[in-house]
Amino acid sequence: NERNLETTKRVNLSREIGIVHHTSHPHVLSNGCVYNLGTIVTKFGPKYCIVEFPQGKDFNEAKIVASIFPRRKLNPSYMHTFGITENFFILIEQPLAVSVKLMSQTLWKNDPLIDSLRWFGKKTTKFHILSRKSGHTERSFYAETFFFFHVINSYEEDNHIVVDICCYENPDIIKGMYLDSFRTMQTNPNYSSMFQAKPLRFVLPLNEKEDQKNCNLIKLNGSKAQAKIQKNGRILCIPEELCETSCDLPRINYSNNSGQNYRYFYAMSSDFSNGGNIIKVDVKNKTQTTWSEKNCYPGEPVFLSAPNATSEDDGVVLSVLLRGNNQENHVELLVLCAKDLKVLARCEFITPSPVPRCIIKVDVKNKTQTTWSEKNCYPGEPVFLSAPNATSEDDGVVLSVLLRGNNQENHVELLVLCAKDLKVLARCEFITPSPVPSIPPMYSV
């Protein structure tokens, strides 16, 4: 319900259209239609698919509008997002894949699903270009090996498709979030290198000819990207850098420029030496503007366009700020001018204790809230489980993992709260042989 956010209906998309997975970043068009990339299971193996959720219609009206088999049939690629332009869907099949064989083993052994990932580091990355009109594969392009989470933007220009991506050399960032990596991060000189992503521009030519085998196929004015026909007939795309700073979690003026030619994006620095930076990149002039402040650690930037905006960067950038150096109870909402990243406003909160992720229940209708907290306890993300035969929206329990401070870092609990009033129903305590770190807020696996 758009007024009170109450759940009006549940739809099992796996049962309705057969998808077993979808990405974290659907694309919302100006007409309200939503597209997302998913995976379905067929008798011939896994298959990528684009799912359309028509504007103003029931989820039951969702349908698959395009599909394609993976290049490695039993090793579909891990995809966190995809690209969309006026006429095409862009699926970027990176060499990090989910092994069906290993997944079967992990499910049987009850091991973490992440153990089913395989890295084909000697293989290229493949771009699938699917027609939005027919759903068929129009073209395929290749690039040297890279790993990615986020596509910055993609668009068409003069018989070329431009795709901007935050690219890592490999998926070591995932290893960087293992417990063993956390325990040695302060003494590992290579730890920060796992998190460095370069914003790269790939240009995919749509007008190549047979007699251009030894030439750069890119004819786009001002582009330094390259594309060349290989001996095997494949077109290999060589990207250009959009800026020198490593960054990820990009944001653009999405409502006006998604799938269209654009000039600016905003991101968080992913280089630990500049971990407190928000950056604005001008992709036309390849320049950047940064915001930072000593002992401040911003979260993912969010761009909001101004009413009646007169330019692409006419608006503000929002970010949540945390602090270090014994100021962990100081948190801010930062408002920056999107044109020059100068501070327009900041809302500061001083809390009586360090700022963990809090468990909080909000009654949207009555605008009231209930909280649970306990001294020296730091809860993780709350998970709601509905009661069997529930009689109300909050009839169930809330689960959370609790960590502790004050030299009790090897003490961890599973907390069970009543979802109605957040009173403790049960708690299961564990004493571990070593400290239990928390997951950084920037990424989760």
Side-chain angles (χ1 to χ4, degrees), residues 2 4-5 24-25 28 149-150 152 166 195 245 247-257 264-272 274-281 288-309 311-373 377-382 400 422 438-444:
E2 64 183 11
N4 56 28
L5 301 185
S24 302
H25 297 278
V28 183
F149 285 116
H150 301 108
I152 303 170
C166 292
F195 294 81
T245 301
C247 62
D248 205 344
L249 300 175
R251 288 293 187 102
I252 64 170
N253 185 335
Y254 186 88
S255 59
N256 293 317
N257 293 95
Y264 305 107
F265 75 86
Y266 306 84
M268 278 183 60
S269 168
S270 58
D271 185 343
F272 280 15
N274 295 309
N277 281 5
I278 293 175
I279 69 171
K280 173 187 179 180
V281 178
Q288 66 184 57
T289 306
T290 64
W291 178 92
S292 66
E293 190 172 292
K294 188 176 180 181
N295 196 42
C296 285
Y297 302 92
E300 179 177 358
V302 177
F303 175 84
L304 293 180
S305 182
N308 304 315
S311 64
E312 180 182 338
D313 59 350
D314 188 1
V316 297
V317 174
L318 307 180
S319 179
V320 173
L321 288 185
L322 300 181
R323 294 178 179 267
N325 292 343
N326 298 316
Q327 298 184 55
E328 292 82 0
N329 61 338
H330 189 149
V331 63
E332 300 182 33
L333 174 63
L334 180 69
V335 184
L336 302 175
C337 172
K339 291 182 178 290
D340 55 17
L341 295 190
K342 291 184 177 179
V343 177
L344 297 178
R346 54 204 309 166
C347 184
E348 302 187 11
F349 305 87
I350 304 298
T351 62
S353 59
V355 183
R357 292 182 175 179
C358 183
I359 292 179
I360 183 167
K361 171 188 173 183
V362 178
D363 184 331
V364 180
K365 183 176 182 180
N366 296 321
K367 298 182 176 58
T368 61
Q369 66 183 49
T370 307
T371 62
W372 179 92
S373 66
C377 285
Y378 303 95
E381 180 179 2
S400 179
L422 297 190
S438 60
I439 300 296
M442 182 175 176
Y443 301 101
S444 62

For the residue pair [X] and [Y], establish whether any side-chain heavy-atom pair is separated by less than 4.5 Å.
{"X": "Arg323", "Y": "Cys296", "result": "yes"}
{"X": "Cys247", "Y": "Gln288", "result": "no"}
{"X": "Val302", "Y": "Arg251", "result": "yes"}
{"X": "Ile252", "Y": "Ile152", "result": "yes"}
{"X": "His330", "Y": "Ile350", "result": "yes"}
{"X": "Leu334", "Y": "Pro298", "result": "no"}

Atom [atom1] in [X], atom [atom2] in [Y]: separation rounded to 0.5 Å?
{"X": "Leu341", "Y": "Ile278", "atom1": "CG", "atom2": "CD1", "value": "7.5 Å"}
{"X": "Leu249", "Y": "Phe149", "atom1": "CG", "atom2": "CZ", "value": "9.5 Å"}
{"X": "Arg346", "Y": "Leu333", "atom1": "CZ", "atom2": "CG", "value": "10.5 Å"}
{"X": "Leu336", "Y": "Lys280", "atom1": "CG", "atom2": "NZ", "value": "11.0 Å"}
{"X": "Asp340", "Y": "Trp291", "atom1": "CG", "atom2": "CH2", "value": "13.5 Å"}
{"X": "Asp248", "Y": "Ser269", "atom1": "CG", "atom2": "OG", "value": "10.5 Å"}

Without swapping roles, check the side chain of [X] against the backbone of [Y] for a donor-acceptor pair under 3.5 Å.
{"X": "Asp314", "Y": "Ala306", "value": "no"}
{"X": "Ser305", "Y": "Gly315", "value": "no"}
{"X": "Glu312", "Y": "Asn253", "value": "no"}
{"X": "Asn277", "Y": "Ile279", "value": "no"}

Taking all non-hydrogen atoms of both residues, which atom of [X] and which atom of [Y] are closest, and how far apart?
{"X": "Met268", "Y": "Gly299", "result": "SD-C, 3.3 Å"}
{"X": "Phe303", "Y": "Val317", "result": "CD1-CG2, 4.4 Å"}
{"X": "Tyr266", "Y": "Ala338", "result": "OH-O, 2.8 Å"}

message = Can you classify the ring geometry of His150 versus His25 as parallel (below 30°), tilted (30 to 60°) or perpendicular (above 60°)?
response =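 Geometry flag for His25 against His150: perpendicular rings.
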
